[in-house]
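For reference, the structure discussed in these notes is given below.
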Amino acid sequence: MRVFADQDRCVGSGQCVLTAPAVFDQRDEDGIVTLLTDDPPPGEHEAVRRAAVLCPAMAIRLAGS
Amino acid sequence: MSAHTTETGRPAETGETPAFPMPRAAGCPFDPPSRLREMRAEGPPAKVRLWDGSTPWLVTRYADQRALLADPRISADTGLPGYPHPTPGSAERRRYARTFISMDDPGHSRLRRMVTAPFTVRRVEALRPVVQGIVNGLIDDMLAGPRPVDLVREFALPVPSMVICEMLGVPYADHDFFQADSRILVNRDEPVQAQARAQENLVGYLERLVSAKLVRPGDDVLSRVAAEQVATGALSRRDAAAMGMLLLVAGHETTANMIALGTLALLLHPGQLAELRDSGDPALVASTVEELLRYLTIVHSGRRRVALADIEVGGRTIHAGDGVVLATDAANRDEERFADPDRLDDHRDARGHLAFGFGVHQCLGQNLARMELQVVYGTLYRRIPGLRLAVDLDRVPFKHDAQIFGVYELPVTW
Ligand code: HEM
Ligand code: SF4
């Protein structure tokens, strides 16, 4: 699985961090999303898929499975 | 151009187009209006009639609302013709101060990002001990004082008020004034002049605070906005004050009503209250918060938008210029999204509810609100295990007339 986070679209809602804190983080200066990894281990995949659905700004895109 | 202007007042329409907002039915005080549920069962968006005779679309299904709220062809700009204003005051107030809640991108994003840092999951988590201290102190006071008490006045309002004052750097001693003005801003039936005056009071007050913080900064959000945005010329004092007002007002009535109404809902579901009280499990507290946000959906007058282009939704065409009202309270009870939606179930996975909205305007303070509610629901019933209503349920005054649902008073004892 590859994870892409679009920092231009992100509104800093934190939904991704609440859902998959091992994969997503927020920048201290403006709350915008950053990736801790773009290739999460299989154990994180379900949480990452959930984060992508919960993101209100459609800023998280996934490729592969 | 605006579709409803020509339709307004057509007698043939008046008969068929239901008035919005709709009254809640007798029965369960937490259930959305029955007409709203019927419209959701029918499915596609349908026209409703507002206070000013305009006839925007009402969208009731979860899937349709999620898609629309994330659609860039829909605008939150209250100044556009066709925008479905919730009150006469809403149309008027825009002249006095504009904030990012009623702007589209890129302007919205530019301003929102100026104040996002203090609301990240990590920063909010770091505040948890401060909130716990505030909650403990207020409970100590209630336990030491006379009974019964009005939980709204003594607890539900002070918690978010003290927290947001602490974050913004607003003196809590001024709370009588800004709580009164905040309330005027969210009442549906308040005269236009009263709302304009309340808004002007608040912005003026915050403008003075911003000016003071330019000279003597503290460790708070307003000081940071003053130093980083006002001092650099990125934002005028007035716009900084308007932003401060948005943050002060947005987190007040909302969180306070979730505390009081959530407590009432739990008191009426004693099994779930007992489990919450006795388990001490933070995961159960967190899922209770999400479920109560979904079940109560206190922002019950719908998200308001206007279409910038023709948009197909559920087999209907919303035309450019049409107003759109998105009934998130109906979405959160949509059985296609939530099984057995009218049941309060603390164990369900309620994330994905639309109680904080969806799309780029989704609540900026959501993680602060979550944390405050987790501290409150995780503490209040443990500290006061015998908590109960001090009056019959039918004596509890519900806020049917407010844009944010809740109770005016909640007399409790133990
Ligand atoms: C349980 C409590 C709360 C609820 C139910 C709630 C609900 C909402 C909703 C539904 C919206 C979306 C408005 C729209 O789409 O038109 C919103 C936006 C907003 N909320 Fe909250 N809110 C709560 C607490 C807070 C708190 C504590 C703050 C902190 C200051 C806050 C600040 C804001 C701001 C600034 C916006 C505008 C965001 C934007 O337009 O980008 N809210 N809130
Ligand atoms: S959920 Fe989306 S909008 Fe929210 S912080 Fe993550 S990427 Fe940004």
Side-chain angles (χ1 to χ4, degrees), chain A, chain B residues 62-63 65-72 100-101 104-106 108-126 221 224 228-229 283 286-287 289-290 303 328 337 349-371 374:
Chain A
M1 174 189 270
R2 281 264 175 249
V3 187
F4 304 89
D6 185 335
Q7 294 184 324
D8 291 334
R9 287 184 162 217
C10 172
V11 295
S13 71
Q15 295 267 25
C16 55
V17 181
L18 274 189
T19 312
V23 178
F24 301 97
D25 198 0
Q26 287 173 281
R27 281 199 304 239
D28 276 329
E29 62 274 24
D30 59 5
I32 296 307
V33 64
T34 57
L35 289 177
L36 298 171
T37 169
D38 67 354
D39 182 15
E44 288 291 329
H45 288 188
E46 199 187 321
V48 171
R49 274 189 216 104
R50 213 165 117 71
V53 171
L54 288 172
C55 172
M58 309 291 175
I60 300 170
R61 216 165 45 76
L62 308 177
S65 55
Chain B
Y62 178 92
Q65 292 188 48
R66 208 185 112 99
L68 268 174
L69 284 168
D71 195 318
F100 59 85
I101 199 166
D104 298 329
D105 286 337
H108 158 267
S109 154
R110 186 181 86 89
L111 294 173
R112 176 166 167 143
R113 284 179 178 212
M114 290 179 183
V115 286
T116 302
F119 296 100
T120 63
V121 173
R122 190 181 317 117
R123 288 284 291 281
V124 161
E125 207 43 52
V221 176
R224 216 161 317 119
E228 291 169 9
Q229 315 296 343
S287 73
V289 168
E290 296 302 326
R303 309 289 80 242
T328 45
R337 177 61 180 77
D349 175 10
R351 290 278 306 280
H353 62 71
L354 303 183
F356 290 125
F358 197 71
V360 297
H361 291 281
Q362 193 181 61
C363 184
L364 175 68
Q366 59 182 288
N367 295 308
L368 178 62
R370 285 191 170 100
M371 184 270 281
Q374 287 167 9

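Note: hydrogens, waters and symmetry copies are ignored here, and every other heavy atom, side chains too, is used. Reminder, nothing fancy here: chain letters follow the sequence lines and each chain counts from 1.
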Present all donor-acceptor pairs from chain A to chain B with distances below 3.5 Å, rounded to 0.1 Å.
unit_1	atom_1	unit_2	atom_2	d
Gln7(A)	O	Arg113(B)	NH2	2.5
Asp8(A)	O	Arg113(B)	NH2	3.4
Cys10(A)	O	Arg113(B)	NH2	3.1
Val11(A)	O	Arg112(B)	NE	3.1
Val11(A)	O	Arg112(B)	NH2	3.1
Ser13(A)	O	Asn367(B)	ND2	2.8
Gln15(A)	O	Arg351(B)	NH2	3.3
Gln15(A)	OE1	Arg351(B)	NH2	2.8
Gln15(A)	NE2	Gln362(B)	OE1	3.2
Gln15(A)	NE2	Gln366(B)	OE1	3.2
Thr19(A)	OG1	Arg351(B)	NH2	2.8
Asp25(A)	OD1	Arg122(B)	NH2	2.4
Asp25(A)	OD2	Arg122(B)	NH2	2.8
Gln26(A)	OE1	Val121(B)	N	3.0
Asp28(A)	OD1	Arg122(B)	NH1	2.7
Arg50(A)	NH1	Asp349(B)	OD2	2.9
Val53(A)	O	Arg66(B)	NH1	2.7
Val53(A)	O	Arg66(B)	NH2	3.2
Pro56(A)	O	Gly359(B)	N	3.2

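Summarising the geometry of His45(A) relative to Pro41(A), their closest heavy-atom pair is CD2-O, 3.2 Å, with the distance given to 0.1 Å. Contact between Cys55(A) and Phe358(B) at its shortest, heavy atoms only, is O-CZ, 3.6 Å.
In terms of heavy-atom pairs under 4.5 Å with chain A, the best-connected choice from Val124(B), Leu364(B), Leu69(B), Val360(B) is Val360(B).
Asp38(A) CG to Phe4(A) CZ: the interatomic distance, rounded to the nearest 0.5 Å, is 7.0 Å.
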Legend entry - side-chain contact (heavy atoms from CB on, under 4.5 Å) assessment of Cys16(A) paired with Leu54(A): CA-CA 7 Å; Cys16(A) 55; Leu54(A) 288 172; over 6 Å; no
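Here the side chains of Val23(A) and Leu36(A) are not in contact, with every heavy-atom distance at 4.5 Å or above. Counting heavy atoms from C-beta outward, Asp39(A) and Met1(A) have side chains that stay 4.5 Å or more apart.
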